[in-house]
Amino acid sequence: MTLAEKILAIHSGRDSVRPGDMVMARVDMVLGTDVTVPLSVEVFRQMGAGKVFDTEKIALVNDHFVPAKDVKAATLSKIMREFAREQGVEHYFEVGRSGICHSLLPDKGLVRPGELVVGADSHTCTYGALGAFATGIGSTDMACAWALGELWFRVPESLKVVVEGNFQPRVGPKDLILSVINRLGVDGALYQAIEFTGGAISRMRMDGRFTVCNMAIEAGAKTGLIAPDEVTMGYVDQISPPTPPCNNRGGKGGRPPLGPTLLRSGGDLSSDPDAVYSQVLEVDVSDLEPQVAEPYLPSNGRPVCEVEGVRMDQVVIGSCTNGRLDDFRAAADVMGDRPVHPDVRLIIIPATPGIIRAMLEEHLVERFIKAGAVLSPPTCGPCIGGHMGVLAEGEIGLFTTNRNFRGRNGHPDSKVYLSGPEVAAASAVAGRITDPRGF
Amino acid sequence: MEGEILRGRVFKYGDSIDTDVIIPARYCTSYHPEELAPHCLEDLDATFAGRVKPGDIIVAGHNFGCGSSRENAPIAIRGAGVSCVIARSFARIFYRNSINIGLPILIAPDAVDGIEDGDEIEVDPTTGTIRNLTRDGSWQAAPFPPEVQEIIQAGGLVGYVRKKLSS
């Protein structure tokens with residue numbers, strides 16, 4: 001079996017599963033946000049369910065429209081807050097202690113290798129970087145998971161991406177995943193699990209692995225996974241014991257450092273040598289150039305040299321894709337002491353309060369502010385055209401986010417190019433899309 | 001849903017119709033069909049919401065509904081009066097969400113080839129039979145797996161869970 005198949009087999013109480021099998025599987029964590037929870041609350045009541053299946057296996061995160069952008073957004077958070085209180089949900093994250101869910105949950109130790117995680121957010125696949133099977137669902141599915149603690153899954157085919165070689169300086173995980181999505185196409189991995197493996201993945205730090213798995217959905221995948229290794233376990237051990245729940249209601253706090261699944265599987269969370277893959281894609285990153293995805297599809301990635309010179313109005317460095325410490329380190333390294341171009345608005349969005357603290361310690365916040373950037377509170381904000389940097393008609397943005405569909409980031413006639421933090425930083429200084437190598 | 005034959009005019013669109021154009025996030029501070037429907041598909045086809053009539057059918061290419069997990073997307077489509085979506089393929093979260101809320105969706109690549117924008121078509125969501133009334137052609141959609149049928153039979157996931165909780 002592949003890693004994905006093993007995790008689904010363990011959670012559905014079977015010895016083995018095969019692609020195409022339909023299974024009812026127990027879930028270890030159910031994630032919801034301010035934008036998806038309120039509908040789930042309504043559906044949960046319609047289902048006639050009184051109590052959630054487990055108050056410790058639900059995370060409710062304020063991130064999409066927070067701090068509340070308007071009265072309607074404030075109402076969404078209010079519904080989620082009241083539900084958390086009513087049900088005694090342990091992992092409710094309030095503004096100030098909250099962050100972008102896909103950075104926050106791993107950093108709080110709420111997702112571990114071998115777990116089955118569902119989230120009412122399409123980028124839930126991010127947690128695959130920890131060797132979890134994590135996938136996005138809708139609000140009705142989430143209500144069902146709250147009520148029953150289980151959900152139906154079709155066991156996906158697995159597609160293997162073998163990544164070898166060493167990145168050139170200022171080329172990194174985002175460039176890799178943009179080029180992989182370009183090769184696969186927006187639905188090239190539809191319904192499948194993408195397993196990333198190879199030397200370049202082994203050498204990649206956790207922050208980069210999260211970036212890679214985060215965008216598996218942009219090729220249509222159900223999840224993206226990386227088998228746990230020393231890097232993964234180093235991250236998990238460093239987090240453990242997890243910080244106590246931020247609601248300060250005296251919850252039980254951290255869970256054991258290893259997921260029960262990992263223990264039960266004897267720690268063997270790697271694909272078997274005879275595992276079957278629908279496709280194997282081989283990538284050598286040694287010659288990989290910095291990538292930029294043109295509007296209006298994340299699969300429109302091409303080498304930066306082909307789009308160099310495009311002027312832009314706004315650069316955003318942040319999101320569940322590239323809002324982690326390594327991303328801001330990379331951006332600051334490229335910028336050096338140079339200021340943001342006079343015609344550009346540079347918006348820096350650290351994904352969690354923990355990342356802000358680390359950035360303060362490393363004087364990154366100071367450097368960005370001095371350069372003329374603005375620091376946003378942790379939020380999805382401009383990535384979904386919500387707030388904190390929405391684009392006007394005809395404006396052009398360069399974002400380190402994950403999608404550039406028409407109208408997603410503001411006016412339907414605005415345009416967004418996607419890139420990694422290195423291209424974004426160089427471009428923010430130059431005022432036009434720029435190769436960060438040798439910048 | 002059982003036994004009900006759907007009949008309507010076709011709105012035909014291309015590949016990878018994403019959830020951001022189906023219902024932009026700027027409207028997703030609401031999940032109520034009546035508030036979402038007027039904005040359904042507005043960034044792709046500003047005339048859609050004004051022209052669509054109850055029962056009309058969306059026919060599209062590959063990967064329909066890709067992108068966000070927002071259930072607001074199938075809710076907006078259903079709220080606009082659309083009775084059914086036929087596509088070459090669906091993005092998986094949209095597929096789940098539609099089944100869960102009871103919006104009939106059918107995977108039928110051949111039908112997509114044989115149906116044009118504005119055609120009048122007839123769909124039996126139970127059997128998966130699709131008939132073009134404007135020009136010749138009838139097709140069979142791929143059947144749903146039994147587990148999914150069970151949810152469809154219960155009228156969506158709410159009915160399914162209610163049944164499960166009371167058993």
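By convention in this document, chain letters (A, B, ...) are assigned in the order of the sequence lines, proteins followed by strands, and residues within each chain are numbered from 1.
- Annotation: side chain of A/M142 is not in contact with side chain of B/E71 (no heavy-atom distance under 4.5 Å).
- How far CG of A/D34 is from SG of B/C28: 11.5 Å, rounded to the nearest 0.5 Å.
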Let's go through A/F405 and B/S16 carefully: what are the C-alpha distance in whole Å and the side-chain angles of both, what is the deciding distance for side-chain contact (heavy atoms from CB on, under 4.5 Å) to 0.1 Å, and is it a yes or a no? CA-CA 10 Å; A/F405 299 140; B/S16 295; over 6 Å; no

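- No more than 12 heavy-atom neighbours from other residues, nucleotides or ligands sit within 6.0 angstrom of CZ on B/R131.
- Counting all heavy atoms, side chain and backbone alike, A/R406 lies closest to B/V21 at O-CG1, 3.7 Å.
- Of the two parts of A/E150, only the side chain, counted from C-beta on, holds a non-hydrogen atom closer than 4.5 Å to a non-hydrogen atom of chain B.
- More than 12 heavy atoms of other residues, nucleotides or ligands lie within 6.0 Å of CZ in B/R135, so this atom counts as buried by the packing criterion.
- Of all non-hydrogen atoms in B/R162 and A/M47, the two that sit nearest each other are CG-O, 3.3 Å.
- A/E218 does not touch chain B: none of its heavy atoms, backbone or side chain, sits under 4.5 Å away.
- For A/A143, no part sits under 4.5 Å from any heavy atom of chain B, backbone or side chain.
- When A/P38, A/G410, A/G386 are compared by the number of non-hydrogen pairs under 4.5 Å with chain B, A/P38 comes out ahead.
- With values rounded to the nearest 0.5 angstrom, B/L157 atom CG is found 4.5 Å from A/C144 atom SG.
- Considering only heavy-atom pairs separated by less than 4.5 Å from chain B, the leading option among A/G385, A/S139, A/G220, A/A147 is A/S139.
- For chain A, the option among B/S68, B/P145, B/P24 with the highest count of heavy-atom pairs below 4.5 Å is B/S68.
- When A/T135, A/I217, A/D187 are each tested for a side-chain contact (heavy atoms from CB on, under 4.5 Å) with B/R92, only one passes: A/T135.
- Remark: side-chain polar atoms of B/Y31 are not paired, donor with acceptor, to backbone N or O of A/V35 under 3.5 angstrom.
- To the nearest 0.5 Å, the span separating OH on A/Y296 from CG on B/D20 amounts to 12.5 Å.
- When all heavy atoms of A/G138 and B/N97 are compared, the closest pair comes out as CA-OD1, 3.0 Å.
- Proximity to chain B is limited to the side chain of A/D70, based on heavy atoms less than 4.5 angstrom apart.
- Only the side chain of B/Y95 comes within contact range of chain A, with heavy atoms under 4.5 Å apart.
- Ranked by heavy-atom pairs shorter than 4.5 Å toward chain B, the options A/V390, A/L76, A/N402 are led by A/L76.
- A/F65 and B/A25 make their closest contact through CZ-O, 3.6 Å (heavy atoms, listed as atom of the first residue, atom of the second, distance).
- The only member of A/T36, A/I137, A/T33 that meets side-chain contact (heavy atoms from CB on, under 4.5 Å) when paired with B/S69 is A/T36.
- A distance of 7.0 Å separates CZ in A/R408 from OG1 in B/T19, rounded to the nearest 0.5 Å.
- With a threshold of 4.5 angstrom between heavy atoms, B/E150 does not approach chain A through any atom at all.
- Surrounding NZ of B/K163 are at most 12 heavy atoms belonging to other residues, nucleotides or ligands under 6.0 Å away.
- For A/L148 against B/K164, the heavy-atom pair with the smallest separation is CD1-CD, 4.1 Å.
- Between B/R96 and A/F153, the shortest heavy-atom contact is NH1-CA, 4.2 Å.
- For chain B, the nearby part of A/L190 is the side chain; its heavy atoms alone come within less than 4.5 Å.
- Within 6.0 Å of the CG atom in B/D117, the count of heavy atoms belonging to other residues, nucleotides or ligands exceeds 12.
- The contact between B/I75 and chain A is made entirely by side chain atoms (from C-beta outward), counting heavy-atom distances below 4.5 Å.
- We find the CG-CG distance between A/L297 and B/D18 to be 7.5 Å, quoted to the nearest 0.5 Å.
- Remark: side-chain polar atoms of B/N100 are not paired, donor with acceptor, to backbone N or O of A/T140 under 3.5 angstrom.
- Taking CG from A/D141 and CD1 from B/I101, the interatomic distance works out to 11.5 Å, rounded to the nearest 0.5 Å.
- Put simply, the side chain of B/V148 reaches to within 4.5 Å of the side chain of A/M22, judged on heavy atoms.
- Of the two parts of B/S166, neither the backbone nor the side chain holds a non-hydrogen atom closer than 4.5 Å to a non-hydrogen atom of chain A.
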